[in-house]
Amino acid sequence: MLIATGFGAVGWFLTPYSIYGKTLTMFWPGVAVFAVVVVLAAVGKGRVWCNWVCPVGTLFNLLSKKSVCAHKIGPGCANCRACFGNGGKLEAKVGDGEKAIPLSNSNSELQLGSSATRREAIKGVAVLAAAEAVEKTTDGGFAPVSLPGVPERPAPVLPPGAVDREKFNVKCVACGLCIANCRGGCLSPSTDLKRFGQPEMDFRRGYCLLGCNYACGHVCPTMAINWIPRLERKNVHMGHAIWKKDLCIRTDGVECTACSRKCPVSAIHIVEGFPVVDKGACIGCGACEHVCPARPMPAIFVKGFDRQRLVWPMSK
Amino acid sequence: MFCRALSDGREVSVLGYGAMRLPTVDGGHANSWAKSGYSESTIDQEMLDRQIRYLLEHGVNYFDTSPAYCRGESERRLGDALVKSGFARKDYFVATKLSNFAPQQFPLDACKKMFENSLRFLRTDYIDNYLLHSIGNGGFETFSKRYLENGALDWCVELRREKRIRNLGFSFHGDPKAFEWCIEHHGDYKWDFCQIQMNYVDWRHAKEVNARNLDGKYLYETLAERKIPVVIMEPLLGGTLARYNEALARHLVPLDPEASLAKWALRFCASFPNVMTILSGMTRTEHIEENVATFEDFRPCTEEEFAALERAALEYLKCGNVPCTACSYCMPCPYGLDIPSLLRFRNDVLMKGGKDAKTVLAEYAKAVPEELRRADHCTGCGLCRPHCPQQINIPGEMAMIDSQIDLLKNEVARR
C-alpha cells in the first residue's frame, strides 16, 4: 500500500504532461524534497548520490572504453606480455629474432638501489640522534619522532581485490569510498597524475589489516576492487617486501627486530642479524614498512604486484 | 606532624617530599609530558614555591631530589623553592644523590663535579643525606664501576668526615648482590640510612611480581637488625595504589570507609618503627593536603588492618599489572615511544577488560596521542631494560600491547 502510494507520488511528479506548470508550482518544494532524500540517504548509506545517481563517473568509464589516446596492441605484437609487467602466472613468449625483455620491474628496482647513495648524504640524521639519546644522564623526556618518507616504490601497492593493475586503473573512478572506509588507515589517494585520486597504499599511517573483511572491496561502487569473500585476507598477496641493506639501521650496528616482530604472517626471519623476507609467505600488508624505524626512508618497503596473487585454499 | 627522632636528636617528619614529579604549568608532572602534546613543558615554579611553603609550615622537613630528576631540573627548582620559603637551612633536611648512570659520569672527577653542582643548585654548603643512587640497576658490575673501582664511595666517606654531607646512604633497586655487598660492608662504611622500595604489595610479594626482586619485608628486617634507619620510596607504587582499584577497595573500605587508598598505603609504611621517612612524589596540592592530614592524626595499623592489607595485596596481584611507577628512568626511548603511558594503558584499560574493542582503541588513542609513540614502533632493542628499577621486560610488554591492539583492530575491521 505504502509502496503503491510512493510510486504514485513519484510518478505524478515525473509525469511529462504539464511539467511546466508543475515546475512553477512545485519547483522549490520539489528541490526541498529531493534535498531531504539525498541528505537522508547520505546519512544512512554514505555517498548515494555520487555512487548510484550521478552519471559522471559511469559516463567517464564508458567513454574510456573508446578512448582515442589509449595504448593499443599493434600487429607486431610477439605476445611477450612484457608490457603487462610480471603478470603472476603468465609465461613469457618471446618471438623469433626479438630481444628478450625481463619480465619483472627489475629496471626500476635497480634505480632505487642506486638511490642508496642519497643515504650517505643524510646518514645518521635520525639513527645517530637516537644513539646519542641512549647515553642519557637524566631521566624523563621524549626523543623526537618524525614520519618516514614515502619510498620510491617500483610499483604502487593496490588494495586487496584490485587484482590487475591495468584493469583497476580503468575501472576506478577515484570516488574515495575505499579510502574513507579503510580499516587499517593505509589507503590514500594517489598523487600520480596518471592515476590521480585513485587509491594506493601509504603505510606511514597504518597497514593493511590481516583480519579485515575487505572493507574497500565492500564499498567499491564500480567493482574496481573486487570483494573476495571466500578468500581469507592472507590468501591475497598484494606485493612483497623488499629490504635495502644500506638504509637499514642494523648496518649502523643498532639492534632492531621491528619488522620481524610485527609481521602478521611471520614472513620476515632474522638470519645472522639480517632480515630475510620469505616472499612466498609475504602478502605485502606493509606492517614492516609501517614500523621500520629507519629515517628518512624505511629500509623495508612493499613493492606492489601488477597482478595480485590469489592463493586459493584447498577446498574443504 | 608525625615525627621520628634521629640519633643526633633532630626530628625528621615521617612524611617526606619526593621531587621527582614536580608540577608543570600545564598541570601534569615534570617527568611526563604526555598531557602537553610532547612539547617541553616548564616546571611551575610558583606552584612549587607555594607547595614547599605549605609543607614546611605543616612540619614536613625532608626533601629528596636527584641530579637526574625532571630532566636535570629538579635540584635547581627545589633549591629555589626552599630558599624562597624563608625557613632556615637547619629547619629542613635535603637529600640528593650521586646519580652517575651514564658511563661518561663514572670517573671520580665527574662525580665530584656532580656533587658540587648539587650544592650550587640547592644553594647550600652541605647535604643532609647523600645517597648512592639505585645501586642495583644494571647489575653488580655496573655498581662496581660506578662506586667501587673509581673510588667514589671512599670519596663519599671522606665528604662525611669533612661534614659536607651529614649522612651517607644508598637507594636500592635491582640486583640483590649490590644490596648484600653494602650490608656486608656496613662495618666499613657505617651507612647512616638506606632507601628501599616498600609498600604493602611489595612487603611479602615482590618476588611474585618479579622473581629477581627482594621482598620489602626482607629488606626492612635486614636493615632494622643492623639499626640502619629506613627511608621508603614508592609507598604508593607511583600512584598505582592510590588510584581506585576494586581489588584493593573491597578489602580496605569496610574497615574505614572514609579513608582514601593512599592513606592506607602510607599508614602501612609508617607503622614500622625503624622507618625514618616515607617519600611521596606529590605533584598536586590536593595530594599534599591529603597526605599531610594523614600524618597529622596518625595512628599505626592494627593487626586486623595488617591482615586486611595483606588480603588486598594478594587480590591486587591477581590483576596481573606490571609494576610500572612511571618514574621515566627508561625514557627517552630512542625510537620515541611513550613507555610509561603505554604501560599505564596496559594496566588500566587493556588488561582490565570489560570494554569493547572500539572503546579500548579510542582509549589507546587518548593514552598515546601520537601514533609514532605507540607500542608497534618498539624495535626490541632492549636499551630501556637496564634502566628500569622495577625490572620490567619493556620490549616484551610492548610486543604484548601491540599484539592485543592488533587483535582488537582486526576484530573491529572484521565487522
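Labels below follow one simple rule: chain letters A, B, ... track the order of the sequence lines, proteins then strands, and each chain is numbered from 1. Just so it is clear, the values below take in all heavy atoms, side chains as well, and ignore hydrogens, waters and symmetry mates.
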Quiz item: Looking at A:Gly206, A:Gly211, A:Ser260, which has the largest count of heavy-atom pairs under 4.5 Å with chain B?
Solution: A:Gly211

Quiz item: To the nearest 0.5 Å, how far apart are CZ in A:Arg261 and OG1 in B:Thr379?
Solution: 7.0 Å

Quiz prompt | Value rounded to 0.5 Å, distance of CD in B:Glu411 from CG in A:Leu209 | solution = 12.5 Å

Quiz prompt | Side chain, backbone, both or neither of A:His290 within contact of chain B (heavy atoms, under 4.5 Å) | solution = both

Quiz item: So, for B:Pro332 and A:Ala143, which heavy atoms are closest and what is the spacing to 0.1 Å?
Solution: CB-N, 3.6 Å

Quiz item: Going from CG on A:Leu210 to CG on B:Asn410, what distance comes out if it is rounded to the nearest 0.5 angstrom?
Solution: 6.0 Å

Self-check item: side chain to side chain contact (heavy atoms under 4.5 Å, CB included) evaluation trace for A:Lys262 with B:Asp406
Solution: CA-CA 10 Å; A:Lys262 186 68 181 173; B:Asp406 258 11; 3.4 Å; yes

Self-check item: NZ/A:Lys245: more than 12 non-hydrogen atoms of other groups inside 6.0 Å
Solution: no

Quiz item: Can you say whether A:Arg205 sits under 4.5 Å from chain B via the side chain, the backbone, both, or neither, judging by heavy atoms?
Solution: both

Quiz item: Who wins among A:Ala287, A:Cys182, A:Cys212 for the most heavy-atom pairs under 4.5 Å with chain B?
Solution: A:Cys212

Quiz item: Which atoms of B:Leu337 come close to chain A, meaning under 4.5 Å heavy atom to heavy atom: side chain ones, backbone ones, both, or neither?
Solution: backbone

Practice problem: Specify the closest pair of heavy atoms between A:Val145 and B:Tyr335, including all atoms of both residues, with the distance to one decimal. | Solution: CG1-O, 3.7 Å

